[in-house]
Engineer: 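Input: one structure, supplied below.
When reading the values below, keep in mind they use all heavy atoms of this one structure, side chains included, and skip hydrogens, waters and symmetry mates. All residue numbers in this chain count up from 1 along the given sequence.
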Amino acid sequence: MRLPLWHLTLASVRNRGLATALTLIAIALSVTLLLGVERLRNDARASFANTLSGTDLIVGARSGAVQLLLYSVFHIGDATHDVSWSRIDALRGHKDVAWLVPVSLGDSHRGFRVVGTTADFFAHVQTGDRQPLRFAAGQAFDGVFDAVVGAEVAASLGYAPGAKIVLSHGAGEFAAAEHGDKPFTVTGVLARTGTPVDRSVLVGLPAIEAIHLDWQGGSRIPGVEIPAQFVGKFDLTPKRVTAALIGLERRSTVFRVQREINTSDGEPLLAILPGVTLDELWRVVGVVERVLLAVSAFVVAVGLAGLVATLVSSLSARRRELAILRALGAGPGDVFVLLMTESVLLAVAGCALGVLLLWGLSAALSPWLMAEHGVQLVARFVDQSELVWLAGVIAAALLASVIPAWRAYRYSLVDGMTVRM
């Protein structure tokens, strides 16, 4: 007569409440870490890949390709050199160039990057799967002291069209004095894109020149102050910009145009393909990703080792229990399956708890990751790739439980053969 295995398994697990709870927590935390690292890796890649779409080339001063991509698109770091405006004009007139959007970096506003550009930025820069930028409120800048803010800037600082803002000289920890004598008016708020645009303040290139009329060498000129109402008397044509985003008439000419720019005489320039350079970036950080995954896998192994240790350490105390099961008709194979079932049950419950914990952490940390690092972490339960990891954890638990199950089988067999007086 076969015993009700599932009833016995649940009763056995409940009977060792504290040990079961600790094992369950250890497995859940290890699964949370494993899936969290994998999810963060995939979502970070997706966020970076969705930052720029439809741009064929990025051109800047000659440096490293990854460095150029990081500061021009992701606003990470700073350029070592700028590009002269004459070279930008020459590139704009190239027969294969359909459009060109210059970008000037270097200033900030309350921790957010200021991007000097032209109105073409809103017409040609796309994110995700060629999605154009949209305005949640207001419109693009028109006057010298107009500004457009990204969704994260507006949400964090409570800005709406009509708000007055003041830019600071320098970026991040190097931000110096404010350009308080030349305030800007917010004319528009961009819809959320999940890209660095959300954390940017966009102004016209003439505005960058205007706020630096009375500055030289990174500091204000002593005794010189040019009020905002007089900046129109000066030539506000930019002298230099940080980089340029380029779209070509035909994608088939991209390698030829890139080669022409990189080998041109005069001012040394570097043209990069965003997608190719992004792949290079992932190759650079791939070692770190593999290390993180290895650490996560090691933590899972530790959790499963705790499961095995719990089962093995309880075997001596459970010899009487196993003997009773034998007396009630259970065979050694039933005992073996019972221990295996307990392990799988704990692994499944630990995985389920780990998934729930990861979902809660994702929902809680997603706004912070988006605001601070531009990574859009999607709060979800599991996807297909994560199911493979969970199946692997359960299979590993099943494999690890063979040792305690075999020992229980041997104990049961010996006790079953022992003559009782």
Side-chain angles (χ1 to χ4, degrees), residues 43-44 46-48 50-53 71-76 101 103-128 130-173 175 178-180 182-208 210-211 228 242 245 362-379:
D43 287 359
S47 294
F48 273 62
N50 290 334
T51 297
L52 200 60
S53 177
Y71 70 70
S72 63
V73 176
F74 301 107
H75 305 163
I76 300 174
V101 176
V103 173
S104 183
L105 304 171
D107 292 300
S108 63
H109 171 67
R110 299 179 65 176
F112 295 101
R113 282 275 192 164
V114 172
V115 180
T117 185
T118 64
D120 289 339
F121 187 93
F122 308 106
H124 297 297
V125 172
Q126 299 174 331
T127 62
R130 292 187 176 271
Q131 296 298 312
L133 299 177
R134 296 182 296 104
F135 280 87
Q139 59 188 11
F141 50 72
D142 185 31
V144 174
F145 295 111
D146 291 345
V148 172
V149 298
E152 190 61 41
V153 179
S156 299
L157 304 179
Y159 289 159
K164 298 291 184 180
I165 65 174
V166 174
L167 308 187
S168 299
H169 190 76
E173 61 183 2
E178 292 185 336
H179 299 286
K182 299 178 180 68
F184 284 72
T185 301
V186 175
T187 62
V189 176
L190 290 170
R192 189 173 293 276
T193 63
T195 71
V197 174
D198 294 343
R199 303 181 302 283
S200 302
V201 177
L202 295 106
V203 300
L205 287 175
I208 300 296
I211 61 178
T242 305
L245 312 179
S362 298
L365 295 178
S366 181
W368 175 78
L369 283 173
M370 186 64 204
E372 296 295 327
H373 303 287
V375 176
Q376 191 171 16
L377 186 64
V378 180

Engineer: Please check this pair: side chain of H109 against backbone of V114, looking for a donor-acceptor N/O pair closer than 3.5 Å.
Structural biologist: no
Engineer: Checking side-chain polar atoms at under 3.5 Å, does D146 have a donor or acceptor matched by the opposite partner on T187?
Structural biologist: no
Engineer: Please identify each residue that fulfils side-chain contact (heavy atoms from CB on, under 4.5 Å) with P161, with sequence neighbours left out.
Structural biologist: A137, V189
Engineer: So, using side-chain contact (heavy atoms from CB on, under 4.5 Å) as the criterion, who are the partners of A191 when residues are at least two apart?
Structural biologist: R134, A136
Engineer: Where do T185 and K164 land on the side-chain contact (heavy atoms from CB on, under 4.5 Å) test, with the steps shown first?
Structural biologist: CA-CA 5 Å; T185 301; K164 298 291 184 180; 2.6 Å; yes
Engineer: What are the two closest non-hydrogen atoms of V125 and L133, and how far apart are they?
Structural biologist: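 Scanning both residues completely, I find the closest heavy atoms to be O-CG, 3.6 Å.
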Engineer: Could you check whether F135 and F122 have their ring centres less than 6.0 Å apart?
Structural biologist: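 When the ring centroids of F122 and F135 are compared, they turn out to be within the sub-6.0 Å range.
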Engineer: With sequence neighbours left out, write down each residue that passes side chain to side chain donor-acceptor pair (under 3.5 Å) with Y71, or none if nothing qualifies.
Structural biologist: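 If we apply the side chain to side chain donor-acceptor pair (under 3.5 Å) test to Y71, skipping adjacent residues, there are no hits.
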Engineer: Between S53 (side chain only) and R130 (backbone N and O only), is there a donor and an acceptor less than 3.5 Å apart?
Structural biologist: yes
Engineer: Nearest heavy-atom pair of I208 and S104: which atoms, and what distance?
Structural biologist: CG2-OG, 4.1 Å
Engineer: Would you please name every residue forming a side-chain contact (heavy atoms from CB on, under 4.5 Å) with H75, sequence neighbours left out?
Structural biologist: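 Listed in chain order: L105, R113, V115, P196, S200.
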Engineer: side-chain contact (heavy atoms from CB on, under 4.5 Å) between H169 and H179: does it pass, once the steps are laid out?
Structural biologist: CA-CA 7 Å; H169 190 76; H179 299 286; 3.6 Å; yes
Engineer: Which residues pass the side-chain contact (heavy atoms from CB on, under 4.5 Å) test with A210, sequence neighbours left out?
Structural biologist: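 Expected list: V144, F145, V231, L236.
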Engineer: Checking side-chain polar atoms at under 3.5 Å, does S156 have a donor or acceptor matched by the opposite partner on E152?
Structural biologist: yes
Engineer: Under 6.0 Å between ring centres, would you say that holds for Y159 and F112?
Structural biologist: no
